[in-house]
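All chains are named by letter (A, B, ...) in the order of the sequence lines, taking the proteins before the strands, and each is independently numbered beginning at 1. Because only heavy atoms are used, hydrogens play no part in the values below, and waters and symmetry mates are left out as well, while side chains stay in.
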Amino acid sequence: MGHFNGRVSEIRLAASGQTELSVACPPASVPAPGQYLLAIDPQDSAAVLGTPLFLINPSSQGFWAAPLHPVQWAPGTNLDLVGPLGHGFELPGNLRRLGLVALGETVSRLLPLLAQAAQARAGMTLFTDLALPSLPSALEIHPLNILPEALDWPDYLVFDLPLQRLEGLRQVLGLGDGAILPCPAQVLITTPMPCAGLARCGACAVPGHRGWKLACEDGPVFDLRSLSW
Amino acid sequence: MAKLDLTLDPPIMNAAGALGFFPDLHGPLDWSHFGAFVTNPLSLAPRTPARGKRFVTYPGGFLLHSGYPNPGLSQALRRFARQWSRSPLPVVVHLLVRSPDEVAQMARRLEGLEGVGGVEIGLTSDASPELVAGCVQACGGELPVIARLPFERAIELAPRAIQAGAMAVSLAPPRGICPAEAGGPVQGRLYGPAILPIALRLVQELVKLGLPTIGSGGIYTHEHYNAMLSIGALAVQVDSVLWKWSGYRVLERA
């Protein structure tokens, strides 16, 4: 974790209708999939808190960041960057079939895992009802309502999930109370993280089996088995 | 019993809840910029995070409803006393209290702890003047006491706190209600530069009454910090500006 200088170099419109940022920054500052970089415009004295930036994919200058970000940021905006922060995704070495489940407002934060899966020559299936960007042809795409029938296919699942949807995850997966997932899984919990790990303020608290966890420092990617859902 | 001195030099510290339970010596902050470290609020029994929506933004600030999660005093002493003893600056332990008995129980366990230079007692928004005085008096040992008062009732309660022996009063963040997209309005504490004007006004009123006051609320720039001191605040507490990570740099001395 360190402090870096960065700059917004480009903004593009995503298929979801939201905007994605290209951030020019040193290689050491580029977050791993699921980690985040805290970004602040030092010239904006009205900015109350930093903005967490998640990786979509690396670029020649730095990386493309998933939505959301302040509307006043434009190409040329200088950024103070802190991080990378938090725990990201860690795919197993023997991955054969990866299931990706996007239950938030964007699929972007899961996309960097496609390259890892492709490198492992693993099959990939994305389950989502969201509007989609251009994606590799090797990726199968299915709506969420297929998920309960498809749970036997992946040997590893990754989720992008807003905290408020954790409670209803069993229903989405078609699992009854007490039923367990047939494969290991990791989940990126998206929730406001106002103190970004500095204060243990509790705003991003996630229910775990052994007490509460904090998305800002224990996550935002968790082993799903460690959470109470 | 005579109280120890708590010298706040420089006259700035973090507010309770802004920087965790102990000063992180390996973190990004330069502790030479601070005169003291205030812990996150600690209660006698453990507290869990608040349920439901906990964070809502609005122009100029945000509302936070955390529930003051903490492991309880016993667990906190086991986990954090060692870090307190290594602190390069005095640690002010913030206690969430409901009665003088609770204060006495908790304060007694802090007396003599290496690194602990004071106690800040956090009083609830419905505390009576008698309760405030009782809680301050219940910190009967050597540790100086700061009474953190509910923002909306600070003028009413501050005189009793000082009469009872508090070295100063500090201010809890003001409370408010924000509409939320789903789940109805959210109640909580307000942070951000939008509250600075009312915070400055309140501190000015308290100082006019001759009450030693630690000013806080919406301090986000060096100018805000200077303004709070110029109206007579004894010292300043900063909170959410520190969560910008580089935000503390605006408070560096020229």
**Request:** Give a yes or no on this: more than 12 heavy atoms of other residues, nucleotides or ligands lie within 6.0 Å of atom CD of B:E152.
**Result:**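 Yes, CD of B:E152 has more than 12 neighbouring heavy atoms, counting only those of other groups under 6.0 Å.
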**Prompt:** Rounded to the nearest 0.5 Å, what separation is found between the SG atom of A:C195 and the CG atom of B:N40?
**Reply:** 8.5 Å
**Heavy-atom pairs under 4.5 Å with chain B, option from A:S45, A:G211, A:G2, A:A203 with the top count** =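 When all of A:S45, A:G211, A:G2, A:A203 are compared, A:A203 has the most.
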**Asked** What pair of heavy atoms forms the shortest contact from B:P49 to A:A205, and how long is it?
**Response** CG-CB, 3.4 Å
**Message:** Below 4.5 Å, heavy-atom pairs only: which of A:G50, A:P192, A:C204 has the largest tally toward chain B?
**Reply:**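 Option with the greatest count: A:P192.
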**Prompt:** Does CD1 in A:I180 sit with more than 12 non-hydrogen atoms of other residues, nucleotides or ligands closer than 6.0 Å?
**Reply:**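 No, because the 6.0 Å sphere around CD1 of A:I180 holds 12 heavy atoms or fewer from other groups.
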**Item:** Atom CD of A:E90: over 12 foreign heavy atoms under 6.0 Å
**Value:**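 No.
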**Message:** Are the side chains of A:L163 and B:R54 in contact, using a 4.5 Å heavy-atom criterion?
**Reply:** yes
**Message:** Among B:Y220, B:Y191, B:Y58, exactly one meets side-chain contact (heavy atoms from CB on, under 4.5 Å) together with A:V48. Which residue is that?
**Reply:** B:Y220
**Request:** Measure across A:L49 and B:K244 and return the closest heavy-atom pair with its distance rounded to 0.1 Å.
**Result:**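 Looks like CA-CG, 4.0 Å.
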**Request:** Could you tell me which non-hydrogen atom of A:A199 sits nearest to which non-hydrogen atom of B:G17, and how far apart they are?
**Result:** CB-O, 3.4 Å
**Asked** Which distance, rounded to the nearest 0.5 Å, do you find between the CH2 of B:W243 and the CG of A:L38?
**Response**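 Atom-to-atom, B:W243:CH2 and A:L38:CG are 12.0 Å apart.
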**Message:** Just verifying a value: how many Å separate A:L198 CG and B:D24 CG, rounded to the nearest 0.5 Å?
**Reply:** 8.5 Å
**Message:** A quick test of your reading: do over 12 heavy atoms of other residues, nucleotides or ligands sit less than 6.0 Å from CZ of A:R12?
**Reply:** yes
**Item:** Contact class of A:A39 relative to chain B, heavy atoms under 4.5 angstrom
**Value:** neither
**Prompt:** Does atom CD of A:Q164 have more than 12 heavy-atom neighbours, drawn from other residues, nucleotides or ligands, at distances under 6.0 Å?
**Reply:** yes
